[in-house]
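Written out below as structure tokens is the structure these notes cover.
Only a predicted model underlies this, so the values are computations on that prediction, with no experimental measurement involved. What's counted below: heavy atoms across the whole structure, side chains too, no hydrogens, waters or symmetry copies.
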Amino acid sequence: MTEFVEVAIEIALTTRAQAFAVSQSLQISLPGIEFTPPEVSKTAKYLRATLLTADTATIGISSSCNDQHLGFLQLDVFFGNGGGERAARRVAAAIVSYFKRDTRLTSNGFNIDVTQTPRIGPSITKDGWTSFPV
């Protein structure tokens, strides 16, 4: 089935995020899919994927020009409090490498390009979890 570009982008990004989670032996929460996080403990960990769309840009000035669909995939790395932040930072750094700038994904005939180097945001502590947004 041929998908719309917006759906193709989601498929490409979430498929890559799932592959990353498997490579790290982590559970992952995906948009719109029921997920129960592990019980909070100092060894508990998981990822959460969120797609954030942005404006669409027209490439060129004529009406026949292509559109560039912009947006972000945010992966939050969750680790239970009490186990330290180093392991969570390692996972966050691995995400930066896995989604490095100039990574090209293909889905349903569309190319999805990572155009910026991902960055690790500040830690957030809430409800027994420490998370890092990437």
Side-chain angles (χ1 to χ4, degrees):
M1 172 181 182
T2 302
E3 296 287 2
F4 292 103
V5 64
E6 295 83 359
V7 177
I9 292 168
E10 178 181 356
I11 289 168
L13 291 173
T14 57
T15 298
R16 187 155 178 94
Q18 286 177 295
F20 175 81
V22 168
S23 77
Q24 299 291 313
S25 300
L26 293 168
Q27 295 179 26
I28 186 167
S29 169
L30 297 170
I33 297 175
E34 189 173 326
F35 177 80
T36 303
E39 292 291 322
V40 177
S41 74
K42 68 181 183 179
T43 60
K45 55 191 176 184
Y46 72 98
L47 300 176
R48 179 180 63 201
T50 306
L51 292 164
L52 308 162
T53 58
D55 291 337
T56 299
T58 302
I59 308 299
I61 57 174
S62 76
S63 61
S64 62
C65 292
N66 290 326
D67 288 335
Q68 182 180 36
H69 298 266
L70 304 172
F72 297 91
L73 169 69
Q74 180 171 311
L75 291 176
D76 295 300
V77 180
F78 286 87
F79 272 67
N81 292 344
E85 292 186 354
R86 191 170 298 145
R89 286 186 188 276
R90 281 189 188 111
V91 172
I95 292 169
V96 170
S97 178
Y98 201 76
F99 284 91
K100 67 185 178 200
R101 185 171 39 90
D102 294 331
T103 296
R104 173 165 275 186
L105 310 173
T106 302
S107 177
N108 287 279
F110 296 103
N111 292 322
I112 296 89
D113 296 319
V114 177
T115 59
Q116 294 181 13
T117 299
R119 69 177 188 87
I120 302 169
S123 66
I124 301 165
T125 302
K126 182 178 179 185
D127 298 330
W129 295 98
T130 296
S131 65
F132 289 91
V134 183

What side-chain donor-acceptor pairs closer than 3.5 Å can you find for residues 82-97, not counting sequence neighbours?
residue, atom, partner, partner atom, Å
Glu85, OE1, Arg89, NH2, 3.4

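- Scanning all heavy atoms of the two residues, the minimum distance from Leu73 to Ala17 falls at CD2-CB, 4.3 Å.
- Grouping the Ile, Leu, Val, Met, Phe, Trp and Tyr side chains by contacts below 4.5 angstrom, directly or via other members, places Leu75 with Leu26.
- Grouping the Ile, Leu, Val, Met, Phe, Trp and Tyr side chains by contacts below 4.5 angstrom, directly or via other members, places Val134 with Leu105.
- Taking the six-membered ring wherever Trp is involved, the centroid distance between the rings of Tyr46 and Phe35 falls below 6.0 Å.
- When the side chains of ILVMFWY residues are joined at heavy-atom separations under 4.5 Å, either directly or via intervening members, Ile33 and Ile28 end up in a single hydrophobic cluster.
- No continuous path of ILVMFWY side-chain contacts below 4.5 Å connects Tyr98 to Ile11, so the two sit in separate hydrophobic clusters.
- Annotation: side chain of Ile112 is not in contact with side chain of Arg16 (no heavy-atom distance under 4.5 Å).
- Heavy-atom minimum distance, Arg101 versus Thr115: CD-O, 3.4 Å.
- Cation-pi geometry between Arg48 and Phe78 is not satisfied (NZ or CZ under 6.0 Å from the ring centre, within 45° of the ring normal).
- To the nearest 0.5 Å, the span separating NZ on Lys45 from CH2 on Trp129 amounts to 11.0 Å.
- Atoms CG and OG1, from Asp113 and Thr103 in turn, are 9.0 Å apart once rounded to the nearest 0.5 Å.
- Inter-residue side-chain proximity for Leu51 and Thr14 is flagged as met; some heavy-atom pair is nearer than 4.5 Å.
- No donor-acceptor pair under 3.5 Å is formed between the side chain of Thr15 and the backbone N or O of Ala12.
- Side-chain atoms of Asn81 come within 3.5 Å of backbone N or O of Thr130 as a donor-acceptor pair.
- Panel note: side chain Ser107, backbone Ala8; a donor-acceptor pair is recorded below 3.5 Å.
- In terms of heavy-atom proximity, Glu3 sits nearest to Phe110 at O-CE1, 3.5 Å.
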Go through it in stages, so that I can follow the logic: the residues are Phe72 and Gln74, the test is side chain to side chain contact (heavy atoms under 4.5 Å, CB included), and I'd like the CA-CA distance, side-chain angles, deciding distance and then a yes or no. CA-CA 6 Å; Phe72 297 91; Gln74 180 171 311; 5.7 Å; no

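- Taking hydrophobic clusters as Ile, Leu, Val, Met, Phe, Trp and Tyr residues chained together by side-chain heavy-atom distances below 4.5 Å, Val114 does not share a cluster with Leu47.
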